[in-house]
Amino acid sequence: MACWLMKSEPDTFSIDDLANRPRQTEAWDGVRNYQARNFMRRMKKGDRIFFYHSNCAVPGIAGLMCVVAEAYPDPTQFDKKHHHYDPTSKPEEPRWSLVDVQFERRLKRLISLAELREHEAQLPGFQLLMKGSRLSVIPVREEHWDYILKLEKKSAPG
DNA sequence: GCCAACGTTGGC
DNA sequence: GCCAACGTTGGC
């Protein structure tokens, strides 16, 4: 069972939005980056995911979710009216994929990017912390997953 | 194949 | 709002 991290801007779609969806499930559409797409195509049902709030006042991991449907074509790529419409993608050979994710729980407290950086030494190779890393879908090593979840139980830093 | 220009991401 | 880092596009 693999672990992942997926970013979303909370102004657009937050952990609360996911929790409020029917069946607390959402199709993770709009990814238009090949590396991120390829990671999604590797996801298996039951894989665990950190829900990361990006581009906001306090970026960080806000909750947990899991994969409930493995990769299939992102329908928004064929929708002319959609912001993520891709005229170069053909239905017979879809370029972009998505997975369905399901809410698991909110973290008891947000684990901020700043806090994660304090633990950089214990998270070697964690792509989120790499300089210039902007990928919205990244793999998380299991030992990193466990370490980060243990931080939740500690009191907030500062 | 190179690389400049451009658009996007996302922390701060 | 600024800007660094990155990905993509397209001229040559």
Side-chain angles (χ1 to χ4, degrees), chain A residues 2-21 26-43 47-65 67 71-101 103-104 106-141 144-145 147-152 154-158:
Chain A
C3 305
W4 308 90
L5 178 146
M6 295 172 100
K7 299 179 183 176
S8 179
E9 303 190 11
D11 288 349
T12 306
F13 188 76
S14 71
I15 186 78
D16 291 331
D17 293 324
L18 179 63
N20 291 329
R21 280 289 194 266
E26 177 78 354
W28 202 267
D29 62 24
V31 171
R32 295 294 181 269
N33 171 283
Y34 290 106
Q35 259 185 287
R37 178 203 69 180
N38 293 343
F39 284 138
M40 282 201 293
R41 287 182 176 177
R42 279 169 41 191
M43 289 182 184
D47 281 4
R48 295 171 295 176
I49 310 167
F50 284 137
F51 193 126
Y52 180 90
H53 283 174
S54 68
N55 202 16
C56 55
V58 186
I61 298 169
L64 307 181
M65 52 187 180
V67 177
Y72 61 95
D74 179 344
T76 66
Q77 70 194 303
F78 305 122
D79 180 355
K80 285 193 174 63
K81 294 185 288 286
H82 200 279
H83 180 239
H84 292 293
Y85 173 60
D86 182 352
T88 67
S89 181
K90 301 278 165 283
E92 59 273 20
E93 199 183 343
R95 176 167 305 179
W96 304 112
S97 303
L98 55 71
V99 296
D100 289 353
V101 298
F103 177 83
E104 198 173 310
R106 292 176 189 79
L107 293 192
K108 294 180 189 71
R109 61 185 188 84
L110 182 112
I111 306 206
S112 71
L113 178 62
E115 181 175 357
L116 289 168
R117 285 205 190 287
E118 291 174 16
H119 297 267
E120 211 161 356
Q122 287 75 245
L123 300 168
F126 187 26
Q127 285 192 44
L128 183 76
L129 305 181
M130 301 257 165
K131 189 186 173 190
S133 169
R134 302 179 315 176
L135 262 191
S136 65
V137 180
I138 60 181
V140 179
R141 293 186 203 163
H144 292 175
W145 177 280
Y147 183 86
I148 291 165
L149 271 190
K150 277 181 201 152
L151 295 179
E152 184 190 14
K154 298 184 182 175
S155 55

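Here is the naming used below: chain letters follow the sequence lines, and residue numbers restart at 1 for every chain.
Comparing A:His83 and A:Ala114 by the nucleotide of DNA chain B that holds the closest heavy atom to each, the one mapping nearer the 5' end is A:His83. Nearest-nucleotide positions on DNA chain C place A:Asn55 closer to the 5' end than the other of A:Asn55 and A:Thr88.
Separating the CE atom in A:Met43 from the CE atom in A:Met6 is a distance of 4.0 Å, to the nearest 0.5 Å. In this structure, A:Asn20 CG and A:Ile15 CD1 are separated by 10.5 Å, a value rounded to the nearest 0.5 Å.
Taking atom CD1 on A:Ile138 and atom P on B:dT9, their separation rounds to 16 Å, with Å as the unit. Rounded to a whole Å, the CG atom of A:Leu128 is 16 Å from the P atom of B:dT9. Per the geometry, CZ belonging to A:Arg32 stands 13 Å off P belonging to C:dT9, to the nearest Å. Rounded to a whole Å, the CD atom of A:Gln127 is 15 Å from the P atom of B:dG11. The interatomic distance linking A:Gln35 (CD) with B:dT8 (P) rounds to 19 Å, in whole Å. Following rounding to the nearest Å, A:Arg37 (CZ) and C:dT8 (C1') show an atom-to-atom distance of 14 Å. Distance, A:His84 NE2 to B:dT8 P: 11 Å, rounded to whole Å. In this entry the distance linking CG of A:Asp86 with C1' of C:dT9 reads 13 Å, nearest Å.
Counting heavy-atom neighbours within 6.0 Å of A:Glu120 CD, excluding the residue itself, gives a total above 12.
A:Asp74 and A:Thr76 share a side-chain donor-acceptor pair at under 3.5 Å.
At least one side-chain nitrogen or oxygen of A:Tyr52 sits closer than 4.0 Å to the OP1 or OP2 atom of B:dG11. Put simply, A:Lys7 has no side-chain N or O that comes within less than 4.0 Å of OP1 or OP2 on B:dT9.
Considering A:Trp28, A:Tyr85, A:Tyr34 as possible partners of A:Trp96, the one that fulfils the ring pair (Phe, Tyr, Trp, His ring centres under 6.0 Å) test is A:Tyr34.
Which of C:dG7, C:dA5, B:dG10 sits closest to the side chain of A:Lys131 comes down to C:dA5. If you check B:dG11, C:dT8, B:dT9 against the side chain of A:Arg134, the one that comes closest is B:dT9.
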